[in-house]
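Values below: all heavy atoms of this structure, side chains included; hydrogens, waters and symmetry mates excluded. Note that the structure is predicted; figures quoted are calculated from it, not measured.
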Amino acid sequence: MHIHPPKIEYFDLDAKCNTDPKGHLRGVEEFRLTRAGLYMARPVPGHPQLAHFESWLLPAHGLRVTRQSWHPGHERDYDLYVDVVEISSSGSVWKTVDLYLDLIVRTGRSVTVLDTDELLAALERGLIQPERAQWALETTYRAVSGISAHGHDAVRWLASQGTVTTWRRGQDPPVNRHPRPFTG
């Protein structure tokens with residue numbers, strides 16, 4: 001396991017770009033700012049498996065909820081990938097700090113927590129402060145509980161909290177019809 005400091009990402013609404021954690025500048029097709037948060041849609045040029053993704057940055061929940069579109073033959077057995085993140089903004093620039101923990105949501109079936117080992121290793125090495133790690137864990141527990149209580153449906157749970165997430169191809173992410181197992 002490679003232990004790293006929390007990953008930071010920037011979203012510049014005016015420049016219509018996204019700076020990923022490795023510092024690569026990516027063009028954004030669409031930003032949409034709502035009371036709930038910031039929606040972003042962008043292609044993933046040059047990626048052999050991933051074609052496109054849409055994300056909602058939801059500050060009140062401490063989550064980034066992502067729906068990914070895969071090239072044919074590379075579909076995955078999940079509908080949403082959820083990152084536990086700190087979200088801030090200054091002017092037209094939004095920033096996320098990824099606090100290691102992720103959720104895989106298989107709508108109607110399950111929710112799985114990933115990377116607890118990374119969070120604990122980062123805490124042990126002093127890359128994250130104890131209070132931030134505690135916040136990340138509490139945020140994860142709250143999301144897992146809410147998603148599970150709503151039939152393993154993250155969109156429905158968020159809506160019950162007053163957070164409406166709309167997506168390009170309709171409100172709810174579709175269930176993958178030809179899934180490949182998630183391999184990390």
Side-chain angles (χ1 to χ4, degrees), residues 1-12 18-24 26 31 33-40 42 44 50 53-68 76-90 93-107 109-165 167 173 182-184:
M1 168 181 19
H2 170 71
I3 303 305
H4 55 81
K7 294 178 181 176
I8 298 174
E9 199 161 348
Y10 295 94
F11 307 83
D12 189 327
N18 166 223
T19 305
D20 72 16
K22 295 179 181 176
H24 298 132
R26 311 287 185 185
F31 278 125
L33 191 57
T34 72
R35 287 190 304 159
L38 177 65
Y39 168 85
M40 177 194 69
R42 76 169 178 81
V44 186
L50 185 60
F53 71 86
E54 304 170 79
S55 287
W56 274 96
L57 308 182
L58 303 170
H61 300 284
L63 301 174
R64 176 182 180 172
V65 181
T66 299
R67 180 172 85 166
Q68 300 162 323
R76 296 293 189 263
D77 183 28
Y78 61 86
D79 305 296
L80 295 172
Y81 194 96
V82 181
D83 296 283
V84 175
V85 294
E86 295 173 332
I87 302 169
S88 60
S89 65
S90 177
V93 178
W94 284 54
K95 173 183 173 184
T96 60
V97 179
D98 189 317
L99 297 181
Y100 305 97
L101 298 173
D102 302 309
L103 307 176
I104 295 293
V105 180
R106 294 170 182 91
T107 303
R109 297 182 292 152
S110 66
V111 59
T112 303
V113 178
L114 305 176
D115 302 329
T116 304
D117 56 339
E118 286 185 26
L119 174 69
L120 295 175
L123 179 62
E124 182 180 300
R125 294 199 176 131
L127 296 173
I128 184 172
Q129 298 83 14
E131 57 277 357
R132 288 174 85 196
Q134 179 177 340
W135 179 86
L137 287 166
E138 290 170 353
T139 298
T140 301
Y141 297 145
R142 190 169 30 259
V144 168
S145 177
I147 293 167
S148 297
H150 286 82
H152 296 105
D153 189 329
V155 171
R156 201 168 68 161
W157 166 61
L158 290 166
S160 79
Q161 302 295 303
T163 303
V164 176
T165 55
W167 306 85
F182 177 74
T183 57

If you define the side chain from C-beta out and look only at heavy atoms, does anything of [X] sit under 4.5 Å from [Y]?
X      : Y      : result
Gln161 : Leu58  : no
Trp157 : His61  : yes
Val155 : Trp167 : yes
Tyr100 : Ile128 : yes
Tyr78  : Gln68  : yes
Val44  : Phe53  : yes
Arg64  : Thr66  : yes
Arg67  : Glu54  : yes

request  = Tell me, please, which residues at least two apart from Glu118 pass salt bridge (Lys or Arg N to Asp or Glu O under 4.0 Å).
outcome  = none

key: Contacts of Arg26 that satisfy salt bridge (Lys or Arg N to Asp or Glu O under 4.0 Å) - sequence neighbours left out   = Asp20

With [X] via side chain to side chain contact (heavy atoms under 4.5 Å, CB included) - residues at least two apart:
X      : result
His2   : His4
Thr112 : Ile104, Arg106, Ser110, Leu114
Pro59  : Ile87, Trp94

ask   = Among all residues two or more places apart in sequence or in another chain, which pass the ring-ring contact (aromatic ring centres under 6.0 Å, His included) test with Phe31?
value = none

Shortest non-hydrogen contact from [X] to [Y]?
X      : Y      : result
Pro6   : Val97  : CB-CG1, 3.6 Å
Leu63  : Val85  : C-CG2, 3.8 Å
Gly151 : Arg156 : N-NH2, 3.3 Å

Counterpart residues, side chain to side chain donor-acceptor pair (under 3.5 Å), relative to [X] (two or more places apart):
X      : answer
Thr96  : none
Asn18  : Glu9, Arg42
Glu86  : Arg132
Ser160 : His150

inquiry  = For a side-chain contact (heavy atoms from CB on, under 4.5 Å) check, start with the C-alpha distance between Leu103 and Ile147, then their side-chain angles and the critical distance, and finish with the verdict.
reply    = CA-CA 10 Å; Leu103 307 176; Ile147 293 167; 4.2 Å; yes

Which value, rounded to the nearest 0.5 Å, describes the distance between [X] atom [atom1] and [Y] atom [atom2]?
X      : Y      : atom1 : atom2 : result
Asp117 : Ile3   : CG    : CD1   : 7.0 Å
Leu38  : Phe11  : CG    : CZ    : 7.5 Å
Leu99  : Leu123 : CG    : CG    : 11.5 Å

inquiry  = Tell me whether Glu124 at atom CD has more than 12 heavy atoms from other residues, nucleotides or ligands lying less than 6.0 Å away.
reply    = no

Side-chain polar contacts of residues 136-144 - donor-acceptor pairs under 3.5 angstrom, sequence neighbours left out - could you list them?
residue: Glu138; atom: OE2; partner: Gln134; partner atom: NE2; Å: 2.8
residue: Thr139; atom: OG1; partner: Trp135; partner atom: O; Å: 2.8
residue: Thr140; atom: OG1; partner: Ala136; partner atom: O; Å: 2.8

message = As a quick check of understanding, evaluate salt bridge (charged side-chain N to carboxylate O under 4.0 Å, His left out) for Arg109 and Asp77, giving each step before the final call.
response = CA-CA 11 Å; Arg109 297 182 292 152; Asp77 183 28; 2.8 Å; yes

